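Here the structure is laid out as structure tokens; the discussion comes afterwards.
All values below come from the heavy atoms of this structure, side chains included, with hydrogens, waters and symmetry mates left out. Naming convention: chains lettered A, B, ... in sequence-line order (proteins, then strands); numbering from 1 in each chain. Note that the structure is predicted; figures quoted are calculated from it, not measured.
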Amino acid sequence: MQQPQNKYEPEQNLQINFFKPRPGFMRREVTVICLTLFAWATVSIGFPFCLGLTATDPTALVETGKSLFGMPLHYWFSGHFLIFWFILICFIFNLLIDWLTKSYRKRH
Amino acid sequence: MAFSSIKFLPICVLFGVLALSLLVGLANRRNFRGGYGIDGRPMGHPGIGAAIASNWMSAASFLGIAGVFFVQGYFAFAYILGWTGGYVLLLVLMGGQLRRFGKYTAPDFVEARFESSGARICSAAITILISLIYCVAQYKGIGLIFAWILGVDYTGALIFGAVVVMSYLIIGGALGAKKNPQLHYLLLIFSFVIPLMFVAKKLGYSWLVPQFSYGSALRDLPPQMAEQYLFPWTFGTPYQWIALSVTLMVGTAGLPHVLSRFYTVSNNRDARWGVVWGLFFIGLLYWSAPAFGAFAKTWQARTGTELDPEQARAVADLIIVKAGEWVGIPDFLVALLAVGGILAAFSTVTGLLVTGAGAFAYDIYFRLINPRASEKHLVKVAKGVTLIMALLIVVVAANPPGLIAEITAVAFALAGNTLFPVFLLGIWWDRTNSHGVIAGMIVGIILTFLPVLFGHLLPVAFISWLPPTSSALIGAPLVILVIIVVSLFTPPPSEAVRRFLVEKVHSP
């Protein structure tokens with residue numbers, strides 16, 4: 001009778017590199033990580049960058065600046081929204097990793 | 001700074017709460033296990049989140065953010081952004097992988113991953129330095145609040161506070177009392193938000209959501225002051241803002257006592273979901289903190305008691321207590337704010353002193369000085385080092401080099417310039433070796449302390465690109481580059497370690 005092939009045969013390729021992820025779980029995990037980091041970076045670094053380009057006149061900001069929920073818009077964005085945004089992207093990241101881990105474990 | 005008179009109510013509340021905290025700790029000591037509730041059963045994701053938040057909330061969050069907002073307005077959001085966004089980096093890039101790696105402290109990870117005692121000792125020294133700097137900021141908070149409560153000068157209050165911290169540590173340690181992190185979080189958040197609601201009401205703004213109504217308070221400031229506060233770049237350039245927030249983010253992801261929270265829960269999934277709740281609970285404090293600074297400004301504008309910048313900096317770290325006192329909320333609530341500040345600082349200091357002393361005793365003394373030391377001897381060394389560290393911190397904190405949040409930011413810069421690149425590359429690049437990380441950590445230490453210690457000797461242009469509080473925007477990528485280059489020119493790590501990375505760390 002033929003012996004079943006050992007699926008835990010020692011791995012020959014031991015390369016770990018974020019930019020060249022291994023096929024399978026790691027590649028999918030890195031995709032999720034990259035998407036999350038993109039959502040994190042565009043908002044947390046992109047926003048002050050845009051604000052740096054646009055907010056140039058203090059007087060105009062006081063007289064005609066936009067408000068949201070009674071807050072100056074940039075205050076609301078930095079003080080309220082960004083924390084909410086971080087919670088949201090962590091939430092979505094966890095959902096995706098839960099799904100990924102579950103589907104991968106089922107297959108193996 | 002001296003305050004007028006001794007205040008009995010805060011003293012009673014403070015010692016009452018400290019005694020209660022010891023009692024609760026004692027009641028829990030038999031059943032308490034990390035990640036488990038009082039009765040020993042798993043405590044659910046919100047419970048883990050509250051533990052993460054309670055571990056995180058130090059004097060820098062409780063007193064520091066409002067202080068920076070009072071002095072620098074919008075610039076304070078760089079701190080808030082950094083100290084929340086860092087959790088995203090930690091969760092996404094490291095949390096799960098470090099947990100699967102299975103080492104519980106930074107030196108343990110470094111030795112196991114890089115198979116080098118030298119790298120371990122280097123990371124232990126960094127852990128101690130981070131603890132020391134972090135504690136200086138906490139001690140400043142303790143000194144200021146005790147000076148306010150006792151009506152004595154800052155230095156006397158600092159020494160008294162240090163004695164109380166040590167006594168609390170010794171009594172708690174001797175009794176084996178472990179604190180209950182969820183109760184600690186609830187105490188902190190209520191002692192912060194309820195007085196804030198009263199401050200808002202007293203000034204005539206919506207008390208239900210002071211987190212929003214401080215926006216109206218800012219608009220009501222006199223035009224010149226409103227311009228200063230509403231314009232985002234009055235107190236710092238966009239570069240400084242981004243550099244600071246990125247430094248704090250990478251620092252958060254590299255801080256040893258934050259990372260260790262990933263191991264004190266029963267499994268990886270619980271740890272990940274705990275972070276989401278933890279971020280929400282931390283957010284509750286950060287959504288509220290700027291309001292204290294804004295309301296204090298409003299009160300000053302109304303009463304014509306504006307302070308010059310130097311006076312404002314001197315009072316900034318106590319602004320939450322001063323705001324309550326100025327506006328005239330009930331004494332009990334002002335006392336609650338002061339006690340909340342002390343509790344936040346106490347829990348952080350006791351945790352960090354134990355971590356720092358442990359790193360010295362087990363990672364430096366045992367490995368480098370006396371490898372034959374018995375466990376009993378090491379415990380004695382750790383106790384002695386705790387005392388020496390506490391004395392050292394008091395000496396530095398006697399002349400605090402900046403605001404609480406600024407001093408803390410230097411600890412984050414150090415973590416971001418050293419441990420963050422080491423963890424990141426250690427996990428995500430199998431070729432990273434001990435030579436690379438030792439070189440990287442040394443460069444990281446130099447990049448952190450160059451602007452802090454020799455800033456006055458360096459060209460202005462250099463300091464403007466590498467500010468003491470924000471050196472990791474440039475520092476961390478540079479250190480990553482150093483680690484990569486040195487690793488490539490030296491032999492690769494062993495096959496066993498690389499296999500472990502493939503089979504354990506990067507598998508589900």
Segment of B:S216 engaging chain A (4.5 angstrom heavy-atom cut-off): both
Sub-4.5 Å side-chain heavy-atom contact between A:I83 and B:I282: no
Which atoms of A:L95 approach chain B - backbone, side chain, both or neither, heavy atom under 4.5 Å: both
Flag side-chain contact, heavy atom, 4.5 Å: A:S78 against B:Y74: yes
A:V43 versus chain B, the contacting section by heavy-atom distance below 4.5 Å: neither
Contacting moiety of B:T237, where chain A heavy atoms sit under 4.5 Å: neither
Chain A contact via B:E495 - which portion, at a heavy-atom distance below 4.5 Å: both
Under 4.5 Å from any heavy atom of chain A - which part of B:L279: both
Per-residue contact mode, B:W273 against chain A (heavy atom under 4.5 angstrom): both
Part of B:L81 within contact of chain A (heavy atom distance under 4.5 Å): both
Part of A:T36 within contact of chain B (heavy atom distance under 4.5 Å): side chain
Residue pair A:C90, B:R272: steps toward the side chain to side chain contact (heavy atoms under 4.5 Å, CB included) verdict: CA-CA 9 Å; A:C90 285; B:R272 281 193 284 106; over 6 Å; no
Parallel, tilted or perpendicular: ring planes of B:F77 versus A:Y75, cut at 30 and 60 degrees: perpendicular
B:D430 and A:Q15, any side-chain heavy atoms less than 4.5 Å apart: yes
Side chains of A:F25 and B:H506 in contact at under 4.5 Å (non-hydrogen atoms): no
Chain A contact via B:W429 - which portion, at a heavy-atom distance below 4.5 Å: both
Of A:T101, A:N94, A:D98, the residue whose pairing with B:R269 passes side chain to side chain donor-acceptor pair (under 3.5 Å): A:D98
Side chain proximity check, A:I87 to B:V276, heavy atoms < 4.5 angstrom: yes
Part of B:Y229 within contact of chain A (heavy atom distance under 4.5 Å): both
Interface moiety of B:V209 toward chain A, non-hydrogen atoms closer than 4.5 Å: neither
Proximal component of A:I45, with respect to chain B [non-hydrogen, under 4.5 Å]: both
Residue pair A:F47 / B:I242, side-chain heavy-atom distance below 4.5 Å: no
Max heavy-atom pair count under 4.5 Å with chain A, selected residue of B:L218, B:L89, B:I80, B:L425: B:L89
Segment of A:F77 engaging chain B (4.5 angstrom heavy-atom cut-off): neither
Residue part contacting chain A, namely of B:F69, when any heavy atom lies under 4.5 Å: side chain
Non-hydrogen side-chain atoms of A:F18 and B:I427 separated by less than 4.5 Å: no
Contact class of A:W85 relative to chain B, heavy atoms under 4.5 angstrom: neither
Side-chain ion pair, B:E503 and A:R22, N-O less than 4.0 Å: no
A:M71 side chain near B:Q211 side chain, heavy-atom distance below 4.5 Å: no
